[in-house]
Amino acid sequence: MRLEILNRGWIVLDPSSRDAVYDLVVDMGNKNFVTVQVKTMSGNSIHKFIDRSRERVSANGKVRESLDYAEHEIDWLAGYRKEDNKCFFYSLANYSKIPSKSFSVNKYPPDEFPTTEVPNRHARKTSQPETEKE
């Protein structure tokens, strides 16, 4: 998923804590950042809600709560299907309206994740030919 977003021209950042409710932060430029939750798909299905049933991380560890990514306002839900290396993107505005905890990409068509031109800030500048002096 990271490579897919990089190929679309964006800068991808990792959250500084493994307890973040999102997997990636995408720098969209002009001080605009969006969060992305990546889910590995089972066939054509993406889970938008994780039911952890208050399970413990370890014997005396903290309790893990269930997560509804729309409730946490994660900007993008992204599904990755290993079988054919395909990525599916759903914006918060759309995936938050899907009534089930998981959904099929066949029933709910994905959104188009934005693409941008990659700036070439480090290219060598070519010298302009001098005009002849009169």
Side-chain angles (χ1 to χ4, degrees):
M1 189 61 62
R2 176 184 304 281
L3 184 57
E4 177 71 23
I5 295 170
L6 288 169
N7 284 338
R8 291 171 183 258
W10 304 113
I11 297 169
V12 180
L13 310 166
D14 291 316
S16 61
S17 171
R18 59 176 265 160
D19 292 327
V21 294
Y22 48 83
D23 291 322
L24 304 171
V25 175
V26 180
D27 181 346
M28 306 292 274
N30 296 321
K31 300 180 184 175
N32 181 25
F33 297 87
V34 297
T35 52
V36 179
Q37 175 60 41
V38 180
K39 304 308 298 175
T40 301
M41 296 171 59
S42 304
N44 292 322
S45 182
I46 298 175
H47 294 280
K48 68 173 206 146
F49 180 92
I50 302 301
D51 184 8
R52 293 187 172 142
S53 301
R54 298 192 49 83
E55 69 181 335
R56 290 207 178 270
V57 176
S58 60
N60 293 317
K62 67 180 181 179
V63 173
R64 296 178 78 184
E65 299 294 336
S66 297
L67 283 174
D68 179 343
Y69 298 115
E71 192 175 284
H72 286 279
E73 298 184 342
I74 305 304
D75 299 303
W76 289 89
L77 183 65
Y80 172 69
R81 191 167 56 199
K82 288 182 182 180
E83 296 82 21
D84 57 2
N85 201 32
K86 288 193 93 174
C87 300
F88 302 87
F89 293 93
Y90 291 84
S91 68
L92 174 61
N94 291 326
Y95 83 81
S96 63
K97 295 175 187 170
I98 298 172
S100 56
K101 292 181 179 182
S102 65
F103 60 92
S104 169
V105 296
N106 294 333
K107 183 174 181 181
Y108 296 96
D111 296 310
E112 186 61 39
F113 193 82
T115 301
T116 188
E117 288 288 321
V118 179
N120 195 0
R121 294 185 199 130
H122 300 293
R124 291 183 182 255
K125 294 185 179 180
T126 57
S127 60
Q128 299 294 324
E130 291 185 34
T131 58
E132 288 186 39
K133 295 180 182 177
E134 295 181 27

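- Across all non-hydrogen atoms, the minimal contact from Pro15 to Asp23 is CD-O, 3.2 Å.
- Minimum heavy-atom separation, Arg81 to Gly43: CD-O, 3.0 Å.
- Classification of Asp14 and Arg2 as a salt-bridged pair holds, one side-chain N sitting under 4.0 Å from a carboxylate O.
- Taking the side chain as every heavy atom from C-beta outward, Val34 and Trp76 approach each other to under 4.5 Å.
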Step by step, would you call Glu112 with Arg8 a salt bridge (Lys or Arg N to Asp or Glu O under 4.0 Å)?
CA-CA 11 Å; Glu112 186 61 39; Arg8 291 171 183 258; 2.9 Å; yes

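- Of the possible polar contacts, none joining the Asn30 side chain to the Asn32 backbone as a donor-acceptor pair under 3.5 Å is found.
- Here the side chains of Val26 and Phe33 are not in contact, with every heavy-atom distance at 4.5 Å or above.
- Defined by atom type and a distance below 3.5 Å, a donor-acceptor pair is missing between the side-chain atoms of Asn44 and Ser104.
- Between Pro109 and Tyr90, the shortest heavy-atom distance links the atoms O-CE2, 3.4 Å.
- A single hydrophobic cluster is seen to contain both Leu92 and Ile98, as judged by linkage of ILVMFWY side chains at heavy-atom distances under 4.5 Å, directly or through other members.
- Put simply, Leu13 and Leu6 are part of two different groups of oily side chains (I, L, V, M, F, W, Y) that touch within less than 4.5 Å, one to the next.
- Val38 and Phe89 fall within a single hydrophobic cluster, where Ile, Leu, Val, Met, Phe, Trp and Tyr side chains are chained together by heavy-atom contacts under 4.5 Å.
- Atom OG1 of Thr35 and atom CG of Asp75 lie 3.5 Å apart (nearest 0.5 Å).
- Side chains of Tyr69 and Lys39: a donor on one and an acceptor on the other come within 3.5 Å.
- Counting only heavy atoms from C-beta outward, the side chains of Phe49 and Ser102 never approach each other to under 4.5 Å.
- With rounding to the nearest 0.5 angstrom, the NZ atom of Lys48 is 13.0 Å from the CD1 atom of Ile74.
- Ring centroid separation for the pair Tyr95 and Phe103 does not come in under the 6.0 Å cut-off.
- Considering NZ of Lys97 and OG of Ser91, their distance stands at 8.0 Å, rounded to 0.5 Å.
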If you apply the rule salt bridge (Lys or Arg N to Asp or Glu O under 4.0 Å), what do you find for Lys101 with Asp68, and how did you get there?
CA-CA 8 Å; Lys101 292 181 179 182; Asp68 179 343; over 6 Å; no

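- Val25 and Leu67 fall within a single hydrophobic cluster, where Ile, Leu, Val, Met, Phe, Trp and Tyr side chains are chained together by heavy-atom contacts under 4.5 Å.
- Put simply, OG on Ser42 and NZ on Lys82 are 9.5 Å apart, with the number rounded to the nearest 0.5 Å.
- Both Val12 and Phe113 are assigned to one and the same hydrophobic cluster, defined by single-linkage of ILVMFWY side chains at heavy-atom distances under 4.5 Å.
- A donor-acceptor pair shorter than 3.5 Å can be found between the side chains of Asn85 and Tyr80.
- Once rounded to the nearest 0.5 Å, the distance linking CD of Gln37 with NE2 of His47 reads 12.5 Å.
- In this structure the side chain of Trp10 never reaches within 4.5 angstrom of the side chain of Asp27, judged on heavy atoms.
- Residues Met41 and Val105 form a side-chain contact, since some pair of their non-hydrogen atoms from C-beta on lies under 4.5 Å apart.
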